[in-house]
2 protein chains.
Amino acid sequence: MKEDQANPAQYLISTVSKRSGVKADLIRAWERRYEAVSPSRTEGRQRIYTDQDIARLRLLNQATNNGHSISQIARLSLNELHSLITKDMHTSNQTQPHIRPIRGDKHELLDDYLEKCFSAIIAFEATVLERHCENAIAELGPMSFIEQLLTPLLTKMDESLQAGLLRPAHEHMATSIIRSLAYILRTNRPCSRQAPRMIMSTPTGQLHETGALLAMIIAEFKGWHVTYLGANLPAEEIAAAVKYTHARAVAINISFRNDDSVIIKEIRRLNTLIGKDVTLIAGGRAAVDYQTILDEIGAFRVNNYDHFKLVLDGLRAQTSFQDYA
Amino acid sequence: MKEDQANPAQYLISTVSKRSGVKADLIRAWERRYEAVSPSRTEGRQRIYTDQDIARLRLLNQATNNGHSISQIARLSLNELHSLITKDMHTSNQTQPHIRPIRGDKHELLDDYLEKCFSAIIAFEATVLERHCENAIAELGPMSFIEQLLTPLLTKMDESLQAGLLRPAHEHMATSIIRSLAYILRTNRPCSRQAPRMIMSTPTGQLHETGALLAMIIAEFKGWHVTYLGANLPAEEIAAAVKYTHARAVAINISFRNDDSVIIKEIRRLNTLIGKDVTLIAGGRAAVDYQTILDEIGAFRVNNYDHFKLVLDGLRAQTSFQDYA
DNA sequence: TGTTCTGTGTCAAATTTTTGTAAAGGTATT
DNA sequence: AATACCTTTACAAAAATTTGACACAGAACA
């Protein structure tokens, strides 16, 4: 356990430049003028950067492109940079999901992050896990992070839990961290008034909400106005939320096969309560176990996030004309 | 205690102009003539604005468009501007009542925010609730937000829930929003390696985690390195987390009086598992119901956040020499 | 009615500051 | 030796600053 076990400083400036998108000259200028990063040095005075430095530079790059002055933001923390950029998206009505020119070996990069995150979980290092996730979000972008890093990570966690390699405490810790990242991941865009609305929740007895949370983020990316209700909610409450918000769709996440009779009853009840005009979508690892009931009532069941996106697009297209101002 | 605002983001005039919709020239004129804003300066005299300044200018812009004279409203507080504009919306042709610039009346400000947040909850407007909370955090700072706005709000929500004024769906929605704010509220300071560590969770059967979440944030403010585990965790798991992290204290939150035998058993088990060297702290609305067992095993019970802070300080002082870098 | 005063928004010129880029000459690494 | 880095210095474009002036609408005044 030395100074920074999980973070062996390792990258040279050319690598950092490629991965962050900031030219090497400029990286040095930013360091010299504003101490934007503080890399350590080799014996021969060459700069050595960490993952965090890369994430920083990437965010700084994005923020300056958004019109911020480098001198003013150079010393902000990763966290602060995140919220800064989130706010930018929030205000400047149409900042596109930023370019992610991850050139080179993306696969290796993902594996690297996956390994690092998993190690942090095993070591019960919440702070390290959080930092790695923040870095990954900055480098990969929210979507890739969710689909290509987080999903495999959650799967791996689940397997390890089954295998007894991890304890529930590990999983709780990791889940809390991941959940807290939702704020960064969400593109708090103003969400035009005509955006179709959706309720996202988890039926009674389903306590795990990670899946629902990520699905919410994805739906928001797809332009939906999602009202997120958390986990473990009875059908009447979900239906009430639909009425209040005039939602056009309800998505529920089923991660575990607890007590079939309860879930099936809840689904059936929810279906009758929301009426025919509201689309019901069910996803999650255990949703497949309820295929029959879902078919019977004419609800969608989605297998994965791509499938979910397709269904969402279909719903948007199918209904009244939307303005894509 | 420095003023450690969660919002050190700073903007130059061009950004401010774009975001607020007020031309840069005019912003300067308003400052020169009416001190509408008071930006700080860089070394080279460039103006530096905060988020609040932007909000201010946006409101001033809107108010002037509504016919108000800039010289009359330039010095109103954020909050007063808010109510001015909402009043404009409601009473389209009313003689504007005397809006006294009663700044400094924090009580009124808090009541106003409380009212707005609660209305947003009743109306099931998640987005509005979130925006009000974000504004309040910017204006009040994280600590005041938690202790003076959020705590009363949660109490009020609870009463309304009991009275049938709100449905559980309302509460779930609001809780999700509040939880997502944790990321902003947390002082993600590096947390020096010598910071005392603490495990925060909620025992089996206790599904509400808002209290634990806020307690975590407060403990972090107090310089603790908190590992947050979420809700509904068996004693063995909490104890395992203590072992992994070498935590010096465990805090559990008990919000509801569910099944006494379970909770008492869990507390007792937790106490034996963590050993004598680890301090157990219990808080939450229903913690008082378990006073006897807590006394018996020599655990702390805290009544409120101030009490919690006192206990935390006591623990820090009592143990080995800490660095207050 | 006509004149003046005041409050407001806008513009322009001259000057500074900020910031990305680059060249030159030396050092490390492979 | 070839390539990649480092430091220092310089430079030019973009953005901000200050100062002062101007236009115009309403209010005040004669």
Side-chain angles (χ1 to χ4, degrees), chain A residues 9-50 53-54 56-76 81 84 88 92 103-104, chain B residues 9-50 53-54 56-76 81 95-96 101:
Chain A
Q10 42 192 359
Y11 307 107
L12 248 34
I13 201 168
S14 59
T15 313
V16 175
S17 175
K18 278 193 209 120
R19 274 173 68 175
S20 69
V22 183
K23 286 194 205 163
D25 273 338
L26 194 48
I27 295 177
R28 280 187 287 257
W30 282 358
E31 176 191 338
R32 171 168 27 100
R33 303 210 260 233
Y34 320 108
E35 297 178 62
V37 286
S38 305
S40 53
R41 302 290 187 121
T42 68
E43 191 69 21
R45 295 188 56 71
Q46 300 203 199
R47 292 172 173 81
I48 302 178
Y49 297 85
T50 67
D53 291 326
I54 295 178
R56 248 186 109 58
L57 288 168
R58 189 166 250 283
L59 291 175
L60 286 174
N61 189 31
Q62 201 183 337
T64 50
N65 288 340
N66 282 354
H68 291 275
S69 150
I70 182 62
S71 64
Q72 297 312 303
I73 59 174
R75 309 183 93 120
L76 295 183
L81 286 171
L84 190 63
D88 284 343
S92 85
R103 74 219 83 213
Chain B
Q10 299 163 87
Y11 309 91
L12 289 183
I13 202 167
S14 60
T15 312
V16 176
S17 174
K18 277 190 214 122
R19 287 227 209 155
S20 66
V22 184
K23 287 198 203 163
D25 275 336
L26 193 48
I27 295 176
R28 282 187 284 254
W30 282 358
E31 176 192 340
R32 171 170 21 114
R33 295 171 179 159
Y34 320 107
E35 297 178 60
V37 285
S38 306
S40 53
R41 301 291 188 120
T42 68
E43 190 75 17
R45 319 184 85 185
Q46 299 198 211
R47 291 171 172 82
I48 304 175
Y49 298 86
T50 67
D53 291 327
I54 295 179
R56 235 184 126 57
L57 288 168
R58 199 204 306 268
L59 292 175
L60 285 175
N61 189 31
Q62 203 177 335
T64 50
N65 288 340
N66 282 357
H68 292 277
S69 152
I70 181 63
S71 61
Q72 297 306 305
I73 60 172
R75 310 182 89 119
L76 295 183
L81 286 170
T95 52
Q96 47 175 359

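Computation of the quantities below employed the complete heavy-atom set of this structure, encompassing side-chain atoms and omitting hydrogens, waters and symmetry-equivalent molecules. Naming: A, B, ... by sequence-line order, numbering from 1 per chain.
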For the residue pair B/Ile27 and B/Val16, establish whether any side-chain heavy-atom pair is separated by less than 4.5 Å. yes
Within less than 4.0 Å of OP1 or OP2 of D/dT18, is there a side-chain N or O belonging to B/Arg41? yes
Establish, with yes or no, whether the OP1 or OP2 oxygen of C/dA28 is under 4.0 angstrom from a side-chain nitrogen or oxygen of A/Thr42. no
Less than 4.5 Å apart, any side-chain heavy atom of A/Leu84 and any of B/Tyr11? yes
Of all residues at least two apart in sequence or in a different chain, which pass the salt bridge (Lys or Arg N to Asp or Glu O under 4.0 Å) check with A/Glu43? none
note: A/Asn61, atom CG; C/dG20, atom C1'; distance rounded to Å ~ 12 Å
Any side-chain heavy atom of B/Leu12 sitting closer than 4.5 Å to one from B/Tyr49? no
Quick one: A/Glu31 CD to D/dT7 C1', roughly how many Å, whole number? 11 Å
A/Arg45 side-chain N/O to D/dT7 phosphate OP1/OP2 under 4.0 Å: yes
Once you round to the nearest 0.5 Å, how far does CG of A/Leu57 lie from CD of A/Glu31? 9.5 Å
Round to a whole Å and report the spacing from OH of B/Tyr49 to P of D/dA16. 10 Å
Determine, for nucleotides 7-16 of chain C in 5'-to-3' order, which nucleotides have protein heavy atoms under 4.0 Å from the base (write B), from only the sugar-phosphate (write S), or from neither (write -). -BBBB-----
How is A/Arg28 classified with respect to the nucleic acid when contacts are heavy atoms under 4.0 Å: base, sugar-phosphate, or nothing? base
Please check this pair: side chain of A/Arg56 against backbone of A/Ala36, looking for a donor-acceptor N/O pair closer than 3.5 Å. yes
Protein-nucleotide distance (B/Lys18, atom NZ; D/dA15, atom P), rounded to Å: 8 Å
Whole-Å distance separating the CD1 atom of A/Ile27 from the P atom of C/dT19: 17 Å
